[in-house]
Amino acid sequence: QLVVESADIVFLTVPDTVIESLCESLAWRPGQAAVHCSGVHPVDVLSSAARAGAYIGGFHPLQTFAGGPDESELIADSTIAIEADGPLRTTLADLARSVGGRPIFLSAENKPLYHASAVIISNFVVTLAAIAAELWQSFDIPRDEALQALLPLLAGAVANLEQVGLPNALTGPISRGDGATVEHHLQSLAQIRPELVLLYRELGYKTLDLALERGLDARSADAIREVLASALGDVGVSN
C-alpha cells in the first residue's frame, strides 16, 4: 500500500492467479495507473482500481526470465505487448521504447493466442530440448552432456531463422523428402520411447507443411505422410 500511495504508475508483477485479489486489496486513487504484466489476462482483472478512478493496463515483455545473470539485458529488442487506453497507452509505449523494447498493442480477445504462441516457441522448446537430450541416455550419454552437444544445433536453427526466415530455415529429412530416415526414427522411438511416437508424428505433419512451402515435391510429401500415418499402429491410436 505504501508503494501505491507514493507512485503514479504501479506494476503488479505477481503470479497471474493473485493479480486480481492483490489489486482488490489496495486503495487506489484517481489519475494513477495500475498495470499488470500478464501475457494472457485482460486488464479487467484490475477493475477494482478502475472503479477507484485509476487507469488500468497490461505490459507484457515477450521474453523468458529464468533467474540467470544480467536478465535486464534481455528486454532490449524484445517485443512488449500492451493493453491500455487513453494516455496510459501512450505512456506504456514510451516506457517500452525507453528500455529498448518494441511495443505492440493487443486487445483482450487476442491475448490468449498471443500467449499460447509464446509458450510454444519458448517453454515447449525447452521441453523438446529435454526430450532430445533424454534420448541420448539410451546410448549411455547423460542428459546434461547430451544437452551441451545439442545446444549448438539449436543455436544453428535459431540463427537460420534469423538469417533466412521461414520456410527456408527448415532443414532435415522431411525437408529433403527422406522418408526412409523418418521411418527409421519412428521404428526406434517405438522400441525405446513409444510414448514419443505420436509427438514425432504430429510435429512431422506440421514440418511437412513447411517443407511443401519450401519447395518439397508433392510425391515425396505424400510418401512421408504415409510413413507418418503408419506410425499410429505403434501407439495404438487411430483416426
Side-chain angles (χ1 to χ4, degrees), residues 16-17 39-40 62-68 111-239:
D16 288 5
T17 54
V40 68
L62 189 60
Q63 190 49 264
T64 175
F65 303 102
K111 293 177 84 171
L113 285 180
Y114 153 83
H115 199 254
S117 76
V119 167
I120 290 169
I121 202 166
S122 177
N123 307 154
F124 288 175
V125 166
V126 174
T127 303
L128 289 173
I131 292 170
E134 287 163 3
L135 289 177
W136 287 46
Q137 293 177 322
S138 66
F139 42 93
D140 299 325
I141 295 181
R143 187 176 73 170
D144 290 346
E145 185 178 337
L147 178 61
Q148 292 307 309
L150 291 165
L151 281 176
L153 179 60
L154 178 58
V158 172
N160 288 340
L161 285 167
E162 291 177 335
Q163 294 168 14
V164 299
L166 292 171
N168 292 328
L170 181 66
T171 61
I174 293 178
S175 175
R176 59 179 179 264
D178 186 356
T181 294
V182 172
E183 188 170 12
H184 284 310
H185 293 169
L186 289 165
Q187 289 172 350
S188 294
L189 286 172
Q191 294 174 2
I192 304 299
R193 294 286 300 274
E195 75 279 8
L196 296 180
V197 170
L198 187 58
L199 175 65
Y200 186 106
R201 170 183 168 268
E202 293 304 319
L203 290 173
Y205 281 138
K206 295 302 181 183
T207 303
L208 191 56
D209 291 341
L210 203 57
L212 284 165
E213 185 182 347
R214 191 177 187 274
L216 180 66
D217 64 278
R219 183 175 180 179
S220 296
D222 288 342
I224 292 176
R225 190 173 286 106
E226 289 182 8
V227 170
L228 293 170
S230 69
L232 287 171
D234 295 329
V235 291
V237 180
S238 61
N239 284 330

Determine, stepwise, if the pair Gln148 / Glu145 fulfils side chain to side chain contact (heavy atoms under 4.5 Å, CB included). CA-CA 5 Å; Gln148 292 307 309; Glu145 185 178 337; 5.9 Å; no
With side chain to side chain contact (heavy atoms under 4.5 Å, CB included) as the criterion, how do Leu228 and Leu186 come out once you've worked through the C-alpha distance, each side chain's angles and the decisive distance to 0.1 Å? CA-CA 8 Å; Leu228 293 170; Leu186 289 165; 4.3 Å; yes
Test Leu203 against Leu128 for side chain to side chain contact (heavy atoms under 4.5 Å, CB included), laying out the working first. CA-CA 11 Å; Leu203 290 173; Leu128 289 173; 4.0 Å; yes
Could you go through Arg219 and Asp222, starting from their C-alpha distance and side-chain angles, then the distance that decides it, and tell me whether this counts as salt bridge (Lys or Arg N to Asp or Glu O under 4.0 Å)? CA-CA 5 Å; Arg219 183 175 180 179; Asp222 288 342; over 6 Å; no
Any chance you could lay out the side chain to side chain contact (heavy atoms under 4.5 Å, CB included) test for Leu208 and Leu216, step after step, and finish with the verdict? CA-CA 9 Å; Leu208 191 56; Leu216 180 66; 3.8 Å; yes
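When atom types are taken as modelled, the side chain of Arg201 and the backbone of Ala231 share no donor-acceptor pair closer than 3.5 angstrom. For Ser138 (side chain) and Leu135 (main-chain N/O), a donor-acceptor pair under 3.5 Å exists by modelled atom type.
Between Ser230 atom OG and Arg225 atom CZ the span is 13.0 Å, to the nearest 0.5 Å. Atoms CD and CD1, from Gln137 and Ile192 in turn, are 12.0 Å apart once rounded to the nearest 0.5 Å. In this structure, CG on Leu166 lies 11.0 Å from CG on Asn160, to the nearest 0.5 angstrom. Annotation: the span from Leu170 atom CG to Leu210 atom CG amounts to 5.0 Å, rounded to 0.5 Å. We find the CZ-OG distance between Phe124 and Ser117 to be 11.0 Å, quoted to the nearest 0.5 Å. In this structure, OG1 on Thr64 lies 10.0 Å from CG on Leu62, to the nearest 0.5 angstrom.
Between Lys111 and Val40, the shortest heavy-atom distance links the atoms CB-O, 3.8 Å. Of all non-hydrogen atoms in Ser175 and Arg214, the two that sit nearest each other are OG-NH1, 3.6 Å. Shown here for Ala149 and Trp136, the closest heavy-atom pair between the two residues is CB-CH2, 3.7 Å. The two residues Ala133 and Ala146 have their closest heavy-atom pair at O-CB, 3.5 Å. Closest approach of Leu212 and Ala221 over heavy atoms only: CD2-CB, 3.5 Å. Between Asp178 and Ile224, the shortest heavy-atom distance links the atoms N-CD1, 4.1 Å.
Within the 4.5 Å cutoff, side-chain heavy atoms of Val125 are placed close to those of Leu154.
Using a cut-off of 4.0 Å between Lys/Arg side-chain N and Asp/Glu carboxylate O, Arg193 and Glu195 are scored as salt-bridged.
Shown here is Ile131, whose CD1 atom has more than 12 heavy atoms of other residues, nucleotides or ligands within 6.0 Å.
Tested against Pro173 for a side-chain contact (heavy atoms from CB on, under 4.5 Å), the candidates His185, His184, Glu183 yield a single pass: His185.
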